[in-house]
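Take a look at the structure set out below.
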Amino acid sequence: MATQTGTFQTPQASRYIQQLCKHFAHKVEVSYDDTKGQAALPPGPAKMVAEVDRLRVETAAEGAKGLETARYIIDSHLKTFAFREGFEAMEWAEPGGL
């Protein structure tokens, strides 16, 4: 399975983990608390970590197309939730490691 890690500089990381996980829980299995979360996204699992000044998300999927889909899922939802911060997309890098 391939992995990628996305980073979003924000002091609201904990809030976004909770919003993402509550939203995803309507369709997939999730677990979360104030500082970390996991969601069983269709392309593969996503692990989220809230740090003081950033949100990190590690996605895993089979192949490039799966990773592209996972990135889209995370970015499109954060674009909705973090619109006040002018969010456009996470900075994605390979490999992960949360």
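Worth knowing before you read on, the calculation uses all heavy atoms, side chains too, and leaves out hydrogens, waters and symmetry mates.
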Exercise for the section: Grab the two heavy atoms, one from Gln9 and one from Glu85, that are nearest each other, plus how far apart they are. Expected result: O-OE1, 4.2 Å
Exercise for the section: Check the hydrophobic clustering (I, L, V, M, F, W, Y; side-chain heavy atoms under 4.5 Å; chains of links allowed) and say if Phe87 and Tyr72 are grouped together. Expected result: no
Practice task
Mind listing the closest non-hydrogen atom pair of Thr3 and Ala60 along with its distance?
Solution key: CG2-CB, 3.9 Å
Problem - Any side-chain heavy-atom pair of Ile74 and Leu41 under 4.5 Å - result: yes
Completion exercise
Nearest heavy-atom contact between Ile17 and Val49 is CD1-C, 3.6 Å
Exercise for the section: Give a yes or no answer on whether the side chain of Ser14 reaches the backbone of Asp34 with a donor-acceptor pair at less than 3.5 Å. Expected result: yes
Handout entry: Gly66 to Pro43 - nearest heavy-atom pair and separation
Key = O-CB, 3.4 Å
Exercise for the section: Would you mind reporting whether Asp75 and Trp92 have side-chain heavy atoms less than 4.5 Å apart? Expected result: yes
Practice task
Measure the shortest side-chain to side-chain distance between Met90 and Leu55 over non-hydrogen atoms and say whether it is less than 4.5 angstrom.
Solution key: yes
Handout entry: Distance-minimising heavy-atom pair for Gly37 and Cys21
Key = CA-SG, 4.1 Å
Completion exercise
Contacts of His77 meeting side chain to side chain contact (heavy atoms under 4.5 Å, CB included) (sequence neighbours excluded), chain-then-number -> Leu20, His23, Phe24, Ile73, Phe81
Handout entry: Atom pair CD (Glu58) and OG1 (Thr5), whose distance is rounded to the nearest 0.5 Å
Key = 4.5 Å
Practice task
Could you check if a side-chain atom of Glu68 sits within less than 4.5 angstrom of a side-chain atom of Arg71, using non-hydrogen atoms only?
Solution key: yes
Handout entry: Nearest heavy atoms of Ala13 and Arg54, plus distance in Å
Key = CB-O, 3.3 Å
Exercise for the section: Would you indicate whether the side-chain heavy atoms of Lys79 and Glu88 approach each other to under 4.5 Å? Expected result: yes
Problem - Met1 side chain reached by Glu62 side chain, heavy atoms, under 4.5 Å - result: yes
Practice task
Report whether Leu67 and Val57 are members of the same hydrophobic cluster (ILVMFWY, side-chain heavy atoms less than 4.5 Å apart, transitive linking).
Solution key: no
Practice task
First locate atom CZ of Phe8, then atom CD of Glu91, and finally report the distance between them rounded to the nearest 0.5 Å.
Solution key: 10.5 Å
